[in-house]
Amino acid sequence: MNKKILIIEDEKPMARALELKLAHAGFEVKAVFNGEEGVELLQKETYALILLDLVMPKMDGFKVLETLKEKKIKTPVMVLTNLSQEDDEKRAKALGAKEFFIKSNTPIATIVEKVAQFLK
């Protein structure tokens with residue numbers, strides 16, 4: 001069975017690039033463009049992993065992490081963000097994020113590699 005990945009990312013070019021690279025690596029990938037859509041989807045479908053941006057309209061990534069906790073959705077989350085403050089990373093990890101990547105410092109190939117290692 002294909003491992004399903006949900007990308008919650010409001011920057012469409014970034015979401016598309018991740019979607020293409022991950023699909024090419026053999027994953028089943030779905031992208032949504034705000035936190036609200038992501039949470040709605042997670043209540044209906046099961047994913048092996050979530051790639052989550054923190055700064056988004058409607059519901060930011062921190063709120064998504066809090067909501068997943070409240071709703072006891074146990075899907076692992078990797079955060080992809082341009083927030084590079086240590087506090088942001090600490091907060092995301094405290095809310096359950098497994099990994100924290102700063103988009104501007106992390107090539108998409110590296111993210112795909114980490115996802116593949118994580119889902120092995």
Side-chain angles (χ1 to χ4, degrees):
M1 187 193 108
N2 272 359
K3 300 248 163 106
K4 286 169 55 176
I5 299 171
L6 179 61
I7 299 169
I8 307 175
E9 162 68 75
D10 67 321
E11 288 175 45
K12 290 190 169 94
M14 179 69 181
R16 289 281 175 253
L18 281 165
E19 203 173 5
L20 289 169
K21 294 280 188 200
L22 289 163
H24 187 73
F27 298 102
E28 196 179 313
V29 190
K30 169 102 177 117
V32 295
F33 306 110
N34 67 61
E36 242 171 45
E37 267 182 90
V39 169
E40 276 171 31
L41 204 54
L42 285 158
Q43 290 175 301
K44 294 181 214 145
E45 292 181 40
T46 307
Y47 289 86
L49 182 68
I50 301 163
L51 293 177
L52 178 66
D53 185 15
L54 291 178
V55 182
M56 294 181 291
K58 291 191 185 171
M59 183 188 285
D60 72 15
F62 291 117
K63 186 72 187 139
V64 170
L65 286 165
E66 286 166 13
T67 306
L68 295 182
K69 221 173 201 169
E70 280 164 24
K71 297 190 181 299
K72 297 186 175 21
I73 296 170
K74 302 249 187 274
T75 311
V77 177
M78 288 186 179
V79 169
L80 301 173
T81 186
N82 284 321
L83 295 177
S84 55
Q85 299 301 314
E86 213 174 286
D87 289 351
D88 295 319
E89 182 171 356
K90 279 187 188 138
R91 185 173 167 207
K93 287 198 167 163
L95 287 167
K98 303 287 180 218
E99 294 275 356
F100 190 94
F101 299 108
I102 295 161
K103 284 190 249 184
S104 54
N105 302 350
T106 314
I108 287 180
T110 304
I111 294 166
V112 172
E113 223 169 85
K114 288 282 191 193
V115 166
Q117 287 168 2
F118 187 83
L119 292 176
K120 264 191 186 144

Below 4.5 Å, heavy atoms only, C-beta onward: do Lys30 and Glu45 meet side chain to side chain? no
With heavy-atom distances below 4.5 Å as the criterion, would you say the side chains of Val115 and Lys3 are in contact? no
Rounded to the nearest 0.5 Å, the CZ atom of Phe27 sits from the CD1 atom of Ile7 at a distance of 11.0 Å
What are the two closest heavy atoms between Val79 and Ala97, and how far apart are they? CG2-CB, 3.7 Å
So, for Leu52 and Met56, which heavy atoms are closest and what is the spacing to 0.1 Å? CD1-CE, 3.9 Å
To the nearest 0.5 Å, atom CD of Glu36 lies from atom OG1 of Thr67 at 9.5 Å
Where Phe62 and Leu95 come nearest, the two heavy atoms and their spacing: O-CD1, 3.8 Å
Inspect the surroundings of CD in Gln85 and state if more than 12 heavy atoms from other residues, nucleotides or ligands are less than 6.0 Å away. no
Once rounded to the nearest 0.5 Å, what's the spacing between atom CD of Glu113 and atom OG1 of Thr106? 11.5 Å
Non-hydrogen atoms of Ala25 and Val112 that approach each other most closely: CB-CG1, 3.8 Å
What's the shortest heavy-atom distance between Ile108 and Ala17, and which atoms? CD1-CB, 3.4 Å
With distance as the sole test, does Glu11 use its side chain to make a donor-acceptor pair with the main-chain N or O of Pro13 at under 3.5 Å? no
Rounding to 0.5 Å, atoms NZ (Lys12) and CZ (Arg16) come to a distance of 8.0 Å
Could you tell me whether the side chain of Ile8 reaches within less than 4.5 Å of the side chain of Val32, counting heavy atoms only? yes
Using a 4.5 Å cut-off on heavy atoms from C-beta on, say whether the side chain of Ile73 contacts that of Tyr47. no
From CG (Asn34) to CG (Asp10), nearest 0.5 Å: 8.5 Å
Would you indicate whether the side-chain heavy atoms of Val77 and Val64 approach each other to under 4.5 Å? no
Closest non-hydrogen contact found for Lys98 with Lys93 is O-CE, 4.1 Å
Sequence neighbours left out, what passes salt bridge (Lys or Arg N to Asp or Glu O under 4.0 Å) with Glu70? Give chain and number order. none
Once rounded to the nearest 0.5 Å, what's the spacing between atom NZ of Lys103 and atom CG of Leu18? 8.5 Å
